[in-house]
Amino acid sequence: MIVMKGNKNMATMKDVAQRAGVGVGTVSRVINHVPGVKKSTLVKVKEAIKELNYIPDEYARGLKTKSSRTIALILPSIWHPFFSEFAYYVEKRLYKEDYKLLLCNSNRDPKEEAKYIKMLKQNKIDAIIAITYSDIGQYIYSNIPFVSLDRYFEKKVSYVTSDNYEGGKLAAKELLAHGAKNIAYIGSHSKYPNATMLRKDGFDDYLKEHDINYKEIFLHEPVPEADFINHLLEMLTAHPEIDGIFCHTDSLLLTLRKALIQHGYRVPEDIQLIGFDGIKMDSAHSLGISTIAQPVEKLANGAVDLVLKKIADPSVKNEAKMYPVKYINGNTTK
């Protein structure tokens, strides 16, 4: 019988091997996720680990395997509800895969993003999943396990995205279906290519197909909230007939709705609004706005799938996964 008495007698790998009736090498292979261990042996070793409350030396294991079993997630801002929800589902999935998450809040600073990417080369993390709209292409190498959300680079990397183009078409279709006659698009764009710009393309193409003209505000990022509001009020002064607006994101919709109400407009009676993202208050409650919702959990799982594939084989071909969006009716349309 193996008896543990305080920290000085914590269980060792040898103790686990004795309890499971296997060799120390077998225990090591189980701990380090080396394939080829029989299922029955795997079960015995895991049961022994649990019974003895064995805690592997993560630092030593990392040195031996050259893996920290840690994946970094770079976000532009943890304050954004969509980014936070994406991080939640990434962490949830990584936990199931026995990986840890290093959450990196870049605050849209390319220098911060570059710092995290360099950490990978120092073997401190195994891979990166990133939501970035900055100039970091120079730091991305073909052998780095790197997966992006929405963003694609000159040096191709794997990425996941929603069908932004169809989402833009759907927003135009729904505004018209809800009775809007004179509509507008309000959004922003980056000098770095990313799939979110396709939202405007889809919106534009749908209206052209139906011979419908529209007004637009399309500003270069970064854009302060006050600039969006000022441009909105100027547009409504020049075109008071506008009664429906597609907002590039849900966050922008919330900003514009507040400004409209403050200036005497009624939403949706006077002006209907549709956003994009489908952000939630929490896991069970939506914001109640009309929006084109992205499948956040599917995006997160897709990103993890791609990054694990790259960790297993850095030379694997880059892939792109696209997921459909859907319209959610809320209180900002009639």
Side-chain angles (χ1 to χ4, degrees), residues 74-77 80-83 86 106 108 110 113 129-137 140 146-175 183-209 212-225 227-228 231-232 235 244-256 273-279 290-296 298-299 302-303 318-327:
I74 301 177
L75 301 178
S77 171
H80 193 292
F82 176 81
F83 300 150
F86 182 79
S106 71
R108 299 183 182 271
E113 293 174 348
I129 299 172
I131 302 177
T132 171
Y133 306 110
S134 302
D135 184 16
I136 62 169
I140 299 174
F146 185 99
V147 173
S148 171
L149 173 66
D150 283 334
R151 174 79 182 275
Y152 32 86
F153 298 83
E154 291 182 7
K155 295 178 181 179
K156 298 293 186 180
V157 300
S158 291
Y159 69 94
V160 294
T161 184
S162 294
D163 195 339
N164 289 275
Y165 179 80
E166 286 300 321
K169 293 182 70 172
L170 186 55
K173 178 181 178 181
E174 290 294 341
L175 277 174
I183 61 180
Y185 171 89
I186 300 182
S188 59
H189 60 95
S190 168
K191 65 179 180 179
Y192 305 112
N194 66 80
T196 64
M197 298 181 191
L198 297 175
R199 299 172 188 178
K200 182 177 183 298
D201 292 343
F203 185 79
D204 181 81
D205 286 349
Y206 184 88
L207 294 178
K208 283 181 178 177
E209 291 170 6
I212 298 173
N213 294 319
Y214 70 98
K215 306 301 178 185
E216 69 174 53
I217 297 172
F218 197 39
L219 305 178
H220 191 279
E221 299 172 353
V223 186
E225 284 188 359
D227 286 3
F228 272 126
H231 279 83
L232 168 66
M235 182 176 70
I245 299 174
F246 173 37
C247 305
H248 187 73
T249 65
D250 287 347
S251 295
L252 179 58
L253 183 153
L254 296 173
T255 296
L256 299 185
L273 304 174
I274 291 179
F276 198 111
D277 280 336
I279 61 178
S290 297
T291 183
I292 308 300
Q294 301 193 67
V296 186
K298 289 182 179 179
L299 287 167
N318 292 303
E319 298 180 53
K321 290 189 174 186
M322 181 183 290
Y323 299 91
V325 296
K326 64 179 180 180
Y327 172 70

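Worth saying up front: this structure is predicted, and the values here are computed from it rather than measured.
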**Message:** When you measure from the side chain of Asn164 to the backbone of Arg199, do you find a donor-acceptor pair of N or O atoms at a distance under 3.5 Å?
**Reply:** no
**Prompt:** So with a 6.0 Å cut-off around NZ of Lys298, is the heavy-atom count from everything else above 12?
**Reply:** no
**Fill in**
Between Leu256 and Cys247, the two heavy atoms sitting closest are CD1-SG, 3.9 Å
**Asked** What distance do Phe228 atom CZ and Leu219 atom CG have between them, rounded to the nearest 0.5 Å?
**Response** 5.0 Å
**Distance in Å, Leu273 CG paired with Thr291 OG1, rounded so as to fall on 0.5 Å steps** = 11.0 Å
**Prompt:** Please walk me through it: do Tyr214 and Phe203 pass ring pair (Phe, Tyr, Trp, His ring centres under 6.0 Å)?
**Reply:** CA-CA 10 Å; Tyr214 70 98; Phe203 185 79; 5.2 Å; yes
**Prompt:** Who passes ring-ring contact (aromatic ring centres under 6.0 Å, His included) against Tyr206, sequence neighbours left out?
**Reply:** His210
**Prompt:** Listed by chain and number, what are the ring-ring contact (aromatic ring centres under 6.0 Å, His included) partners of Phe276, not counting sequence neighbours?
**Reply:** none
**Atom of Phe83, atom of Ser77 and distance for their closest heavy-atom approach** = CD1-O, 3.2 Å
**Request:** With rounding to the nearest 0.5 Å, note down the distance linking CD1 in Ile212 to CG in Asp204.
**Result:** 11.5 Å
**Complete:** dist Ile131:CD1 -> Asn194:CG (nearest 0.5 Å) comes out at 11.5 Å
**Prompt:** Between CG of Leu207 and CD of Glu216, what distance do you get to the nearest 0.5 Å?
**Reply:** 11.0 Å
**Asked** Distance-only, no hydrogens or angles: does the Asp250 side chain make a donor-acceptor pair with backbone N or O of Ile279 under 3.5 Å?
**Response** yes
**Item:** Ser190 side chain reached by Met197 side chain, heavy atoms, under 4.5 Å
**Value:** yes
**Asked** Which heavy-atom pair separates Glu221 from Ser188 by the least distance, and what is that distance?
**Response** OE2-OG, 2.9 Å
**Asked** Have Asp205 and Tyr165 got a donor and an acceptor in their side chains that come within less than 3.5 Å?
**Response** yes
**Request:** Please examine the side chains of Lys200 and His248, heavy atoms only from C-beta on, and report whether any two atoms are closer than 4.5 Å.
**Result:** no
**Request:** Provide the closest heavy-atom pair for Ala171 versus Ile274 in the form atom of the first, atom of the second, distance.
**Result:** O-CD1, 3.8 Å
**Heavy-atom donor-acceptor pair, Thr161 side chain to Asp150 backbone, under 3.5 Å** = no
**Item:** Atom of Leu253, atom of Gly275 and distance for their closest heavy-atom approach
**Value:** CD1-N, 3.2 Å
**Item:** side chain to side chain donor-acceptor pair (under 3.5 Å) involving Ser251 - partner list, sequence neighbours excluded
**Value:** His80
**Message:** I need the minimum non-hydrogen distance between Pro76 and Ser106, along with the two atoms involved.
**Reply:** CA-OG, 3.6 Å
**Between OH on residue Tyr185 and CG on residue Leu175, distance to nearest 0.5 Å** = 12.5 Å
**Asked** With a 4.5 Å limit on heavy-atom distance, are the side chains of Glu209 and Lys169 in contact?
**Response** yes
